[in-house]
Amino acid sequence: MSAIPSASSLHIVIAGAGPAAQSLVRRLAGGSDSRQRAFHGTITVLSNRDECPDALLELAELPQVSIRFGQAASFIDSDAKIVTTVDGMEFSYDQLVIATGSAPTLPPVAGSESGLSYSTIDDAANIGEAVKEVTRIVGRRPLGILVGNGPAAGQAEAVLRARGVRPVRTTLRPTAVVPSTGTAAPGGLLPASGILFEDGSSMKGDLVVLAEERTARNDLAESAGLTTAPDGGIAVGRDLATSVPGIWAIGDAASCDGLRLGLLLSAESSAMLCASGLLLGAGKEDQQALIAA
């Protein structure tokens, strides 16, 4: 009979390395803030990207953390508790967290990189900073062009209004985003200020926000037989647990109460809930082991 893992021997595998995954690692292993560290097991992060951003390199320096770059998880054997990557590497786990995020439903609009985007609730802070700079430059309440017609667009509109922007919303998808010719301090470009449509018509404002629909990446979840939500995300409860014991989902890969989790919780809040569930679950297993003994 195999030993029940405790909080000190628990091995957690995180599939994905985006903001939610990074927040979870910091919450569990300490990182820059160890005030709530109560976990002394090990963590393996499977990143689908080859590049090594500073935020991940900082986490990789933690003794409990191993980050595998360019090793995206591709299959889960939930009975054997093994994750297989695209290159065929296998990683066993005691607890697995899926944080694979979401992908745009439609191809990107030409020039969209010059505008602002709203995909998750974490984007509100970036939009707020951009609005401050635009307001300073134009010297008045900015006029915002908002593209989108789903839940994300509704949230983006509320964010813009709360920050003093007059949003003009269009559900017709543009063919291009028009870059701004203005500059922001210290010499950076301001966000895009207009959009073009296929018929040659256009809309102009002081900033452009794209809040188009996204689809959760749930191929990994399907390989494990996890229940998915009507919106395509991985169905989770209020504790972020999936339908399979020992597997959790956080960030924009998950869906709770019919809405993408990224639209409900910030990456930090999502990580806090998941970490609590992981540690609580390990504590219960410790108690069960003592009772059985």
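Residues take their numbers from the sequence shown, with the count starting at 1.
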Looking only at side chains, do [X] and [Y] share a donor and an acceptor under 3.5 Å apart?
{"X": "Arg214", "Y": "Ser119", "result": "yes"}
{"X": "Thr44", "Y": "Ser66", "result": "no"}
{"X": "Ser201", "Y": "Asp199", "result": "yes"}
{"X": "Thr171", "Y": "Asn149", "result": "no"}

**OP:** Assess whether side-chain contact (heavy atoms from CB on, under 4.5 Å) is satisfied between Ile14 and Leu46, documenting all intermediate values.
**Re:** CA-CA 6 Å; Ile14 303 176; Leu46 304 178; over 6 Å; no
Nearest heavy-atom neighbours spanning [X] and [Y]:
{"X": "Ala153", "Y": "Gly148", "result": "CB-C, 3.4 Å"}
{"X": "Leu240", "Y": "Ser270", "result": "CD1-O, 3.3 Å"}
{"X": "Asp77", "Y": "Tyr93", "result": "O-OH, 4.1 Å"}
{"X": "Val159", "Y": "Ala124", "result": "CG2-CB, 4.0 Å"}
{"X": "Gly251", "Y": "Ala20", "result": "CA-CB, 3.9 Å"}
{"X": "Cys256", "Y": "Gly237", "result": "SG-O, 4.0 Å"}

Would a 4.5 Å heavy-atom cut-off, applied to side chains only, mark [X] and [Y] as touching?
{"X": "Lys204", "Y": "Ser193", "value": "no"}
{"X": "Gln22", "Y": "Leu56", "value": "yes"}
{"X": "Leu263", "Y": "Gln155", "value": "yes"}
{"X": "Val209", "Y": "Val147", "value": "no"}
{"X": "Gln95", "Y": "Trp248", "value": "yes"}
{"X": "Val13", "Y": "His11", "value": "yes"}
{"X": "Leu265", "Y": "Ile121", "value": "no"}
{"X": "Ser255", "Y": "Leu261", "value": "no"}

Mark yes or no for whether [X], through its side chain, and [Y], through its backbone, hold a donor-acceptor pair below 3.5 Å.
{"X": "Thr105", "Y": "Glu213", "answer": "yes"}
{"X": "Arg169", "Y": "Leu146", "answer": "no"}
{"X": "Asp87", "Y": "Met89", "answer": "no"}
{"X": "Asp123", "Y": "Thr120", "answer": "yes"}
{"X": "Ser112", "Y": "Val109", "answer": "yes"}
{"X": "Thr242", "Y": "Leu226", "answer": "no"}
{"X": "Ser74", "Y": "Thr85", "answer": "yes"}
{"X": "Ser202", "Y": "Ile195", "answer": "no"}
{"X": "Arg260", "Y": "Ala253", "answer": "no"}
{"X": "Arg27", "Y": "Ala275", "answer": "no"}

If you group Ile, Leu, Val, Met, Phe, Trp and Tyr by side-chain heavy-atom gaps below 4.5 Å, do [X] and [Y] land in one group?
{"X": "Leu57", "Y": "Val65", "result": "yes"}
{"X": "Leu143", "Y": "Val208", "result": "yes"}
{"X": "Leu196", "Y": "Leu207", "result": "no"}
{"X": "Ile82", "Y": "Val45", "result": "no"}
{"X": "Phe75", "Y": "Ile234", "result": "no"}

Original post:
Taking it one step at a time, do Arg173 and Glu212 satisfy salt bridge (Lys or Arg N to Asp or Glu O under 4.0 Å)?
Top reply: CA-CA 9 Å; Arg173 198 167 193 257; Glu212 298 188 291; 2.5 Å; yes
**OP:** Output, in order, the C-alpha distance, side-chain angles, deciding distance and verdict of side-chain contact (heavy atoms from CB on, under 4.5 Å) for Met203 and Thr170.
**Re:** CA-CA 9 Å; Met203 294 178 67; Thr170 174; 4.0 Å; yes
Subject >> Derivation and outcome, salt bridge (Lys or Arg N to Asp or Glu O under 4.0 Å), residues Asp206 and Arg140 >> reply: CA-CA 10 Å; Asp206 298 308; Arg140 54 173 169 76; 2.8 Å; yes
When rounded to the nearest 0.5 angstrom, what is the spacing between [atom1] in [X] and [atom2] in [Y]?
{"X": "Leu116", "Y": "Ile145", "atom1": "CG", "atom2": "CD1", "value": "12.5 Å"}
{"X": "Ser23", "Y": "Leu59", "atom1": "OG", "atom2": "CG", "value": "9.0 Å"}
{"X": "Arg238", "Y": "Leu273", "atom1": "CZ", "atom2": "CG", "value": "10.5 Å"}
{"X": "Ile12", "Y": "Cys274", "atom1": "CD1", "atom2": "SG", "value": "7.5 Å"}
{"X": "Asn218", "Y": "Thr228", "atom1": "CG", "atom2": "OG1", "value": "6.0 Å"}
{"X": "Leu28", "Y": "Leu10", "atom1": "CG", "atom2": "CG", "value": "9.0 Å"}

Subject >> Flag if over 12 foreign heavy atoms under 6.0 Å of CD, Glu198 >> reply: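 No.
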**OP:** Before giving the answer on side-chain contact (heavy atoms from CB on, under 4.5 Å), spell out for Leu172 and Phe197 the whole-Å C-alpha distance, their side-chain angles and the decisive distance to 0.1 Å.
**Re:** CA-CA 8 Å; Leu172 180 62; Phe197 296 102; 3.7 Å; yes
**OP:** Test Tyr118 against Ile127 for side-chain contact (heavy atoms from CB on, under 4.5 Å), laying out the working first.
**Re:** CA-CA 8 Å; Tyr118 190 94; Ile127 290 177; 3.7 Å; yes
